[in-house]
Amino acid sequence: MRVNAESLNPYLRVKSSLNRFKSLQSQLLKWYKIHGRHELPWRNTNDMYHIYLSEIMLQQTQVNRVRDEYYPQFLERFPSLEILANAKQDEVLSAWSGLGYYSRARNLHKTAIASSFALPTTQKELIKLPGIGRYTASAICSFGHNQNIPVVDTNIARVIKRVFALMDTSEKIVWSHAEEFVNATEPRHHNLALMDLGSLVCLPKNPKCDECPLSSFCKGKTEPELYTQTKKTVYESLELFYGVLIEEEKIALKYSKEKLYKDMLVLPSVDPIEENLLGEFKHSYTKYRLNVKLYEIQDINDEKDEIVWINLKDFKNAAISSLTKKASKFFID
DNA sequence: ATCCGGTCGA
DNA sequence: TCGACCGGAT
């Protein structure tokens, strides 16, 4: 990795705002003032818990769902890090229900417990916490504390790769270029601008180079798609079979011990030999195309002790996945 | 039917 | 370094 004196010495780092990228940085900020997504709620708060929560929710998840539904509801239910720390994991998972990647919610809760007084304020400390990797640690430091550090998510990575014509290269190279490019006087706005540029202009396919403030410099603009090649995903079809057992307005569920839906409430699995088919639907996640079949069953064959009985009227608000929610259409009006 | 997106553990 | 983890949008 390229390590230069500027990146190690904070004094020289300030001087680097006079570096060769200065005009580029200023073009970028000018664009951001006009076209940036300034209305996002987590960009209009100083509360580090709010900023942290938004970054966890935004991992692998589209902005719209987070902004309109999960982020406001979660904050209403868990208004502070301390309240979150004192909640049961099951409550946290129920607030995350339907959002996917539930390890994020488990790690969020663990992190709240580990640092309920206040989150650390350095990238080095943040990255030790569960669920916080290099990107999120940097994002918290940059967006929350305006620290002079690079941030690289996939949008920013695409911009960096194109601007510097890096092709597909190792994470380290991309981060080191992002570090050289950081605007030392406006690091927060610089990184947010790069992120918005990546998601609004420097698109994976058909990037809008004519709207881009960096296009005059961009070394990759003649072949932008050279820098976004992805390996095609091979899908796999799978059949899943679940049993539905309802007694006295309560349904039999269990807590998943598998990696999939770990600690979430799931329907008990059954063998596909059952007679009473109740319904069938499709679902998908990662590379799997699922065809799910539900069977009405009379009793639980084994592991009876693991069953938890949930009132049907509580079902919708339980810690269940989207798959389980879809299933409920066949036994709840 | 394909696309989009961070962290973690093997 | 690679595959598993999620689900809605397009």
Side-chain angles (χ1 to χ4, degrees), chain A residues 51-71 93-111 123 126-143 150-159 161 168-175 178 191 194-196 198-200 202-207 225 227-238 240 256-266 281-292 319-329:
Chain A
I51 292 169
Y52 161 57
L53 175 67
S54 75
E55 287 302 334
I56 300 301
M57 283 191 168
L58 290 165
Q59 289 170 7
Q60 306 297 97
T61 306
Q62 313 295 336
V63 166
N64 291 346
R65 300 178 66 211
V66 171
R67 181 195 52 209
D68 299 338
E69 186 184 353
Y70 285 89
Y71 177 78
L93 287 173
S94 80
W96 213 267
S97 173
L99 193 56
Y101 290 110
Y102 299 98
S103 65
R104 293 182 297 168
R106 299 195 306 270
N107 286 332
L108 181 76
H109 189 226
K110 282 187 206 164
T111 288
Q123 191 256 15
L126 283 163
I127 209 165
K128 294 178 188 168
L129 293 164
I132 300 181
R134 191 173 182 185
Y135 162 76
T136 303
S138 300
I140 290 170
C141 291
S142 175
F143 305 155
V151 173
V152 179
D153 71 341
T154 70
N155 286 308
I156 295 180
R158 186 171 55 253
V159 175
K161 286 177 188 173
D168 273 45
T169 177
S170 74
E171 194 182 320
K172 280 171 103 169
I173 299 295
V174 177
W175 276 84
N191 287 323
L194 278 180
M195 193 170 282
D196 287 354
S199 69
L200 300 173
C202 194
L203 304 172
K205 284 176 185 149
N206 306 315
E225 321 223 326
Y227 306 92
T228 58
Q229 61 213 351
T230 56
K231 28 185 182 276
K232 61 162 185 268
T233 54
V234 178
Y235 290 96
E236 191 175 326
S237 294
L238 217 54
L240 258 34
S256 170
K257 294 174 181 167
E258 314 296 312
K259 274 185 302 185
L260 181 62
Y261 301 140
K262 181 165 163 39
D263 295 340
M264 303 284 285
L265 286 165
V266 295
F281 62 95
K282 296 184 185 314
H283 187 69
S284 65
Y285 74 94
T286 57
K287 65 175 186 174
Y288 297 103
R289 322 277 213 179
L290 307 179
N291 190 48
V292 183
I320 56 174
S321 66
S322 285
L323 187 158
T324 308
K325 266 194 223 286
K326 281 186 193 175
S328 71
K329 156 178 193 291

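Chain letters run A, B, ... following the sequence lines, proteins first and then strands; every chain starts at 1.
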Neighbour count >12 (heavy atoms, 6.0 Å) for atom CD, Glu258(A): no
Please assess Gln123(A) against Ile140(A) for the test side-chain contact (heavy atoms from CB on, under 4.5 Å), listing each intermediate value before the final yes or no. CA-CA 8 Å; Gln123(A) 191 256 15; Ile140(A) 290 170; over 6 Å; no
Tell me whether the OP1 or OP2 atom of dC8(B) has a side-chain N or O from Arg106(A) closer than 4.0 Å. no
Taking the nucleotide of DNA chain B with the nearest heavy atom to each, does Gly131(A) or Thr61(A) sit closer to the 5' end? Thr61(A)
Outermost DNA chain C nucleotides near chain A [under 4.0 Å, heavy atoms]: dA4(C) to dG8(C)
DNA chain C: Lys231(A) or Leu260(A), which has the more 5' nearest nucleotide? Lys231(A)
Between atom CZ in Arg104(A) and atom C1' in dG6(B), what is the gap in whole Å? 9 Å
Heavy-atom check, side chain of Thr61(A) versus side chain of Arg104(A), under 4.5 Å: yes
Do Asn206(A) and Glu225(A) make a side-chain contact, defined as non-hydrogen atoms from C-beta onward lying under 4.5 Å apart? yes
Under 3.5 Å, side chain of Thr136(A) to main-chain N/O of Gly133(A), donor-acceptor pair present? no
Between Ser103(A) and dT7(B), does any side-chain N or O lie under 4.0 Å from OP1 or OP2? no
Pick base, sugar-phosphate or nothing for Ser321(A), based on heavy-atom distances below 4.0 Å to the nucleic acid. sugar-phosphate
Touch class at under 4.0 angstrom, heavy-atom based, for Tyr235(A) against every strand present: base
Please report the distance, rounded to the nearest Å, between CE in Met57(A) and P in dT7(B). 16 Å
Across the strands shown, which category fits Thr286(A) at heavy-atom distances under 4.0 angstrom: base, sugar-phosphate, nothing? base
Using 0.5 Å steps for rounding, measure from the CD1 atom of Ile156(A) to the CH2 atom of Trp175(A). 8.0 Å
Pairwise side-chain contact, Thr324(A) with Tyr261(A), heavy-atom cut-off 4.5 Å (strictly under): no
Counting any heavy atom closer than 4.0 Å, what does Tyr135(A) reach on the DNA or RNA strands: base, sugar-phosphate only, or nothing? sugar-phosphate
Mind checking Arg289(A) for me? I need base, sugar-phosphate or nothing, with any heavy atom below 4.0 Å counting as a touch. base
Separation of dT7(B) C1' from Asp153(A) CG (nearest whole Å): 14 Å
Expressed in angstrom and rounded to an integer, what is the separation of Phe143(A) atom CZ from dG6(B) atom P? 11 Å
Please classify the nucleic acid contact of Asn64(A) as base, sugar-phosphate, or nothing, using heavy-atom distances under 4.0 Å. nothing
Ile56(A) near the nucleic acid: base, sugar-phosphate alone, or nothing, with a heavy-atom cut-off under 4.0 Å? nothing
Nucleotide dT7(B), atom P - distance to CG of Leu99(A) in whole Å: 15 Å
Rounded off to whole Å, could you give me the OH-to-C1' distance for the Tyr285(A) and dC3(B) pair? 19 Å
Measure the distance from CG on Leu126(A) to P on dC8(B) and round it to the nearest whole Å. 12 Å
5'-most contact on DNA chain C (nearest-nucleotide basis), Gln62(A) vs Ser170(A), goes to Ser170(A)
Distance in angstrom units between Arg134(A) CZ and dC8(B) P, rounded: 14 Å
Examine dT2(B): is either OP1 or OP2 under 4.0 Å from a nitrogen or oxygen in the side chain of Lys232(A)? Give yes or no. no
Counting only N and O atoms by type, is there a donor-acceptor contact under 3.5 Å from the side chain of Thr111(A) to the main-chain atoms of Pro130(A)? yes
